[in-house]
Amino acid sequence: MTPEQEKLALELIRNPPPGSDLAAAKEYGIDLTLPHENLKLTPTERARKFEQGARAMREMRLAGERHRAQP
Amino acid sequence: VNLEEALRALYDGGAEFVVIGGAAMQMQGSARLTEDLDFCYLRNQKNIERLANALAPFHPRLRGAPEGLPFLFDAATIERGANLLTDLGAIAFLADVPGLGGYEAVEKEAETINLFGLNQRVLSIAGLIKAKKAAARIKDREAITELEAMLEYREKTGLKWPQPSRD
């Protein structure tokens, strides 16, 4: 991503054109800085992040199940 | 989830498949988390056997079934579309994707992304939007909104996709 593209991308995220899909996402409450940051990663780096996220989700789910199973 | 090992096993086994679902969303840049791997596969006997052989060493069992339930994993299991739990994580194989169709249609909507040094076919943002819209699940509304914004972001910034390509 060139500095110019970065500047344009951040402007689109902060001030999306009215009526655009970007504006709809902002209105919905979606934080588009997250995918923006992800796109600075290589696909393999994103894949590693996916693995870590999935592992964390599983651990949280199992911890919740263990907690609920307690008398 | 061990995405790398799953992809390597299927790739080395010569299976034909496309990464779809939440994993594809993340590879396309989404920040949404998911816990499982979804693949669309070419439905023919040879490919189904390749998938089954590639996955067999990772102890596939039925997801949601009681521990110890006798279970035979083979090509027929994949054909039945079972949701599996393996040593690599939760995996589902789909022969058809809502809104897109079978493997050939899904493949046309896929992009090649280099993952772990493998040229892997991953469903595109446009394809993901079609699939999620067709599935018409309440939980997908937010994902569709995010994907549509990502598609617009991609078009307006002129960024090459998927990018960058340091690896």
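Note on naming: letters A, B, ... go to the chains in the order of the sequence lines (proteins, then strands), and numbering restarts at 1 for each one.
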Among A:K26, A:Q52, A:E6, A:H36, who wins on heavy-atom pairs under 4.5 Å with chain B?
A:H36
Residue part contacting chain A, namely of B:L37, when any heavy atom lies under 4.5 Å:
side chain
Can you tell me which portion of A:Y28 sits under 4.5 Å from chain B's heavy atoms? Options are side chain, backbone, both or neither.
side chain
Can you tell whether the side chains of B:K130 and B:E109 come within less than 4.0 Å, N to carboxylate O?
yes
Linking I/L/V/M/F/W/Y whenever any side-chain heavy atoms sit under 4.5 Å apart, do B:I78 and B:F71 land together?
yes
Answer key: most heavy-atom pairs under 4.5 Å with chain B among A:E4, A:E37, A:R48 is A:R48
For residues B:E146 and B:S30, is any side-chain donor paired with an opposing acceptor at under 3.5 Å?
yes
Below 4.5 Å from any heavy atom of chain A, which atoms of B:Q120 appear? Answer side chain, backbone, both or neither.
neither
Contact origin within B:R141 toward chain A - heavy atom pairs under 4.5 Å
both
Check whether B:L33 and B:L3 end up in the same hydrophobic cluster, where Ile, Leu, Val, Met, Phe, Trp and Tyr are linked by side-chain heavy atoms less than 4.5 Å apart.
no
Part of A:L12 lying under 4.5 Å from any heavy atom of chain B:
side chain
Would you please test B:R63 and B:D36 for side chain to side chain contact (heavy atoms under 4.5 Å, CB included) and show each step?
CA-CA 11 Å; B:R63 214 187 312 165; B:D36 58 353; 3.9 Å; yes
Using non-hydrogen atoms only, which part of A:P17 is less than 4.5 Å away from chain B: side chain, backbone, both, or neither?
side chain
Verify the ring-centre separation between B:F17 and B:Y41: is it less than 6.0 angstrom?
no
